[in-house]
Amino acid sequence: MLHHIAPLGLAAAAGRCLVVDLDESAPRYSEHTLRDLVHNGVRAVDLQAGPGVAVLGNGGVSFPDAASTLDRLLEGWGRIVLRDGGAPH
């Protein structure tokens, strides 16, 4: 459970921050996922950082496939925390 909570604490300490889940098998958290952004492109609204912490679930996309999308998100947010799922089972 700590591997889910710790990234949120780190993001909260950073202030305005986006937590992106890189664990392909993690829960979706919301309807919109990193996989959606990889396949459909990053929208202007995705780059508009609001106050506080936002969480973007993975949706089943690998880090290599999402790398350029993560670069785009970093441009808009300024700070992102990447949650790695750890070693494969």
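Just so it is clear, the values below take in all heavy atoms, side chains as well, and ignore hydrogens, waters and symmetry mates. Quick caveat: nothing in here was measured; it's all calculated off a predicted structure.
At least one side-chain heavy atom of Phe63 sits under 4.5 Å from a side-chain heavy atom of Leu70. By the 4.5 Å heavy-atom criterion applied to side chains, Asp23 and Asp84 are not counted as neighbours. Val55 has its side chain out of reach of Arg83: every pair of non-hydrogen atoms, C-beta onward, lies at least 4.5 Å apart.
Residues forming a side-chain contact (heavy atoms from CB on, under 4.5 Å) with Ala12 (at least two apart in sequence, or on another chain): Val53. Remark: Asp71 engages no residue in a side-chain hydrogen bond (donor to acceptor under 3.5 Å, both in side chains) (not counting sequence neighbours). Residues that satisfy the side-chain hydrogen bond (donor to acceptor under 3.5 Å, both in side chains) test with Asn58, not counting sequence neighbours, are absent from this structure. Judged as a side-chain contact (heavy atoms from CB on, under 4.5 Å), and not counting sequence neighbours, the contacts of Leu10 are Val81. Residues passing the salt bridge (Lys or Arg N to Asp or Glu O under 4.0 Å) test with Arg43, sequence neighbours excluded: Asp46. For the side-chain hydrogen bond (donor to acceptor under 3.5 Å, both in side chains) test, residues two or more places apart in sequence or in another chain that qualify with Thr33 are Asp36.
Cluster annotation: Val42 and Ile80 are assigned to the same hydrophobic cluster (Ile/Leu/Val/Met/Phe/Trp/Tyr, side-chain heavy-atom contacts under 4.5 Å, transitive). Note: the hydrophobic cluster containing Leu73 does not contain Leu8 (ILVMFWY, side chain heavy atoms under 4.5 Å, direct or indirect links).
Summarising the local packing, CD of Glu75 is surrounded by more than 12 heavy atoms from other residues, nucleotides or ligands at distances under 6.0 Å.
Among residue pairs with one or both ends in residues 3-19, none qualify as salt bridge (charged side-chain N to carboxylate O under 4.0 Å, His left out); sequence neighbours excluded.
Its side chain outside the 4.5 Å cluster rule for every partner, Val45 clusters with none of the Ile, Leu, Val, Met, Phe, Trp and Tyr residues.
Taking each heavy atom of Leu74 and Arg79 in turn, the nearest pair found is CD1-N, 4.1 Å. Here the closest non-hydrogen pair linking Val19 and Ala11 is CG2-CB, 3.4 Å. The heavy-atom pair separating Gly52 from Trp77 by the smallest distance is O-CZ3, 4.5 Å.
When Leu56, Asp21, Asp65 are each tested for a side-chain contact (heavy atoms from CB on, under 4.5 Å) with Leu34, only one passes: Leu56.
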